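Computed from a prediction, not measured in an experiment: that's the story for all the values here. The residues of the chain are indexed from 1 along the displayed sequence.
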Amino acid sequence: MAADLWTSVVSLAGVALGGGLTALAQRATQRSAERVEERRQAAATAESRRAEQIEVLKEFVTCAQAAERAAYRRPDPWGDDEDGWMTQTSPVMTALWTASGNVTLLCDEALREPVRTYGHALNAAVWRDIGDVEVNEHLEEAKTAFMDAARASLATSRPPALRRAT
């Protein structure tokens with residue numbers, strides 16, 4: 001009788017131990033899957049944010065190019081709204097300032113000053129507050145600083161997995 005009792009107790013202990021180990025293994029697997037899902041979601045969010053930043057930077061560059069074209073088309077000497085230049089240029093400058101605000105809101109803090117400086121340089125070039133300096137010469141430093149800052153910002157906004165791949 002005692003042997004039967006020990007056999008039942010050992011069998012029951014084996015079942016309990018096996019069940020406990022199975023529960024622990026399932027919990028560890030579940031936690032691991034949750035961590036993988038959290039990392040995947042964080043990477044997807046970072047990539048989505050980066051895509052959004054790329055879009056606003058592209059929009060700003062497009063608006064900056066339009067403002068630069070307007071600066072080159074400006075009639076000389078300055079007078080009334082010759083050939084509608086001022087009427088055409090005013091919305092271009094409004095779009096530039098709106099795009100610069102989007103960059104300031106959605107991109108890295110390090111871009112704030114280069115965007116502002118480039119925007120002011122474009123504004124001065126368009127309205128010819130640059131004296132006898134050529135437009136491209138006036139814009140070069142601010143444009144280069146902006147482009148370098150944008151490149152650096154985009155490089156650091158990549159998810160870690162993509163940074164290692166390049």
Side-chain angles (χ1 to χ4, degrees), residues 27-166:
R27 177 68 180 138
T29 302
Q30 180 182 3
R31 290 183 66 196
S32 176
E34 288 170 354
R35 284 191 300 269
V36 167
E37 179 61 18
E38 286 173 4
R39 282 192 299 269
R40 187 198 64 74
Q41 285 185 352
T45 300
E47 191 56 33
S48 173
R49 179 89 168 144
R50 185 170 188 276
E52 187 177 44
Q53 290 171 346
I54 288 170
E55 274 308 305
V56 297
L57 286 169
K58 285 168 54 175
E59 177 189 359
F60 178 77
V61 169
T62 300
C63 291
Q65 291 300 313
E68 195 170 330
R69 281 191 304 275
Y72 281 111
R73 285 193 330 263
R74 183 167 184 251
D76 201 28
W78 178 248
D80 292 332
D81 191 9
E82 298 176 28
D83 298 325
W85 178 84
M86 187 181 290
T87 304
Q88 294 169 5
T89 302
S90 185
V92 168
M93 296 309 291
T94 299
L96 174 71
W97 292 118
T98 302
S100 73
N102 290 340
V103 171
T104 300
L105 285 173
L106 296 173
C107 293
D108 187 33
E109 178 76 23
L111 281 173
R112 178 177 289 177
E113 189 58 28
V115 165
R116 190 188 70 72
T117 302
Y118 187 31
H120 283 285
L122 283 162
N123 192 63
V126 166
W127 304 114
R128 291 292 158 98
D129 294 333
I130 59 176
D132 291 337
V133 178
E134 290 293 322
V135 171
N136 61 337
E137 188 179 326
H138 171 73
L139 294 175
E140 189 62 33
E141 186 177 331
K143 185 177 188 177
T144 301
F146 163 72
M147 292 300 225
D148 290 346
R151 236 187 266 68
S153 174
L154 289 174
T156 60
S157 71
R158 279 189 171 154
L162 293 177
R163 274 187 247 152
R164 285 191 297 267
T166 57

Among all residues two or more places apart in sequence or in another chain, which pass the side chain to side chain donor-acceptor pair (under 3.5 Å) test with [X]?
X: T62; value: none
X: T89; value: W85
X: R128; value: none
X: E137; value: none

*In terms of heavy-atom contacts, does CD of E113 have more than 12 from other residues, nucleotides or ligands at under 6.0 Å?*
yes
- Query: Given side chains that start at C-beta, do those of V126 and R74 come closer than 4.5 Å, heavy atoms only?
  - Reply: no
Notebook entry, point to check: Any side-chain heavy atom of V103 within less than 4.5 Å of one from L57?
Noted result: yes
Do you know which two heavy atoms are closest between [X] and [Y], and how far apart they sit?
X: L106; Y: Q53; value: O-NE2, 3.1 Å
X: C107; Y: V56; value: SG-CG2, 3.6 Å
X: C63; Y: L96; value: CB-CA, 3.8 Å
X: P114; Y: A145; value: CB-O, 4.1 Å
X: N123; Y: M93; value: OD1-CE, 3.4 Å
X: A71; Y: V135; value: CB-CG1, 4.0 Å

Looking at [atom1] of [X] and [atom2] of [Y], how far apart are the two atoms once the value is rounded to the nearest 0.5 Å?
X: L139; Y: E134; atom1: CG; atom2: CD; answer: 11.0 Å
X: E59; Y: I54; atom1: CD; atom2: CD1; answer: 14.0 Å
X: H120; Y: W97; atom1: NE2; atom2: CH2; answer: 4.5 Å

Which residues share a salt bridge (Lys or Arg N to Asp or Glu O under 4.0 Å) with [X], sequence neighbours left out:
X: D108; value: none
X: E38; value: none
X: R49; value: E52
X: E141; value: none

Applying side-chain contact (heavy atoms from CB on, under 4.5 Å) to Q30 and not counting sequence neighbours gives R27, E34
Across all chains, not counting sequence neighbours, the side-chain contact (heavy atoms from CB on, under 4.5 Å) partners of T98 are T94, N102
Residue pairs passing the salt bridge (Lys or Arg N to Asp or Glu O under 4.0 Å) test with at least one member in residues 148-157, sequence neighbours excluded, are D148-R151
Test: K143 and E140 ion pair at under 4.0 Å: no
For residues 135-154, the ring pair (Phe, Tyr, Trp, His ring centres under 6.0 Å) pairs (sequence neighbours left out) are F60-F146, Y118-F146
Just by modelled atom types, is the A149 backbone N or O under 3.5 Å from a matching donor or acceptor in the S153 side chain?
no
